[in-house]
Amino acid sequence: MSPTPSKLLQLALKAAEDKKAMNVVALDLRNISPISDYFVICHGNSDIQVQAIATEIRKVVHEAGGVIRGIEGMDSARWVLMDLGDVVVHVFHRDEREYYNIERLWSDAKVVETV
């Protein structure tokens, strides 16, 4: 049985926190966009940390029976995009997060949790 969207969200947040992700934010998109229920946005301070965060999220989602529909950006580790279905995770390198500032694009979304 696949994890619920809220369970996927909690798994992603905990995995990011375990790898010391910075400025972790979860946005509730359920009433705003059909793309997904939640966005998780965080960053690492190095390419290695960005990859470690994304790898940990992938690991815990698989262990919980979830399916990763796609991962983009692992090689460059500047912006890793992970499609968990109802949850989309953005793991940025610090510089790219400041540049793209996607939280601003989704400013209508309610912040679910910050770590």
Side-chain angles (χ1 to χ4, degrees):
M1 182 173 188
S2 294
T4 64
S6 61
K7 178 65 175 174
L8 282 172
L9 174 65
Q10 293 307 315
L11 289 168
L13 290 171
K14 173 86 169 74
E17 181 181 317
D18 287 349
K19 291 300 176 182
K20 308 290 190 243
M22 306 297 294
N23 196 16
V24 181
V25 177
L27 301 177
D28 183 343
L29 303 177
R30 289 177 292 181
N31 295 319
I32 296 173
S33 174
I35 294 171
S36 71
D37 288 352
Y38 302 102
F39 271 7
V40 174
I41 305 164
C42 63
H43 72 268
N45 292 320
S46 68
D47 295 355
I48 292 170
Q49 186 183 18
V50 168
Q51 289 172 331
I53 294 165
T55 299
E56 183 69 11
I57 292 169
R58 179 173 48 199
K59 182 183 118 193
V60 299
V61 168
H62 278 297
E63 287 173 354
V67 176
I68 306 287
R69 296 182 179 184
I71 298 177
E72 297 290 332
M74 279 294 278
D75 292 338
S76 65
R78 303 305 288 181
W79 179 356
V80 177
L81 179 63
M82 306 178 75
D83 182 355
L84 313 181
D86 293 317
V87 178
V88 174
V89 180
H90 302 267
V91 184
F92 286 96
H93 189 283
R94 180 186 62 241
D95 298 336
E96 272 66 18
R97 184 168 187 184
E98 291 171 7
Y99 179 78
Y100 289 106
N101 192 12
I102 68 169
E103 292 97 328
R104 178 181 43 86
L105 297 174
W106 295 98
S107 61
D108 291 343
K110 177 182 156 199
V111 175
V112 176
E113 181 172 336
T114 58
V115 179

When you check the side-chain N and O atoms of H43 and R94, is any donor under 3.5 Å from an acceptor?
no
State the [atom1]-[atom2] distance between [X] and [Y], to the nearest 0.5 angstrom.
X   : Y    : atom1 : atom2 : result
L8  : S2   : CG    : OG    : 8.0 Å
F92 : Y100 : CZ    : OH    : 8.0 Å
D86 : I35  : CG    : CD1   : 12.5 Å
Q49 : M22  : CD    : CE    : 7.5 Å

Closest approach of S36 and L29, non-hydrogen atoms and distance?
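Smallest heavy-atom distance, with atoms named: O-CB, 3.5 Å.
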Can you see which heavy atom on A12 is nearest to which on L84, and at what distance?
CB-CD1, 4.5 Å
Are any non-hydrogen side-chain atoms of V40 and M82 less than 4.5 angstrom apart?
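Contact flag for V40/M82 side chains = no.
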If the plane angle is over 60° it's perpendicular, under 30° parallel, otherwise tilted; pick one for F39 and H90.
perpendicular
side-chain contact (heavy atoms from CB on, under 4.5 Å) between R30 and Y38: does it pass, once the steps are laid out?
CA-CA 7 Å; R30 289 177 292 181; Y38 302 102; 3.3 Å; yes
Test side-chain contact (heavy atoms from CB on, under 4.5 Å) applied to L81 and D83, step by step
CA-CA 7 Å; L81 179 63; D83 182 355; over 6 Å; no
Please identify which of these residues, D37, V112, L9, V111, meets the side chain to side chain contact (heavy atoms under 4.5 Å, CB included) condition with D28.
V112
Could you pull out all donor-acceptor pairs under 3.5 Å where a side-chain atom in residues 50-72 meets a protein atom, sequence neighbours excluded?
residue: Q51; atom: NE2; partner: M74; partner atom: O; Å: 2.8
residue: T55; atom: OG1; partner: Q51; partner atom: O; Å: 2.8

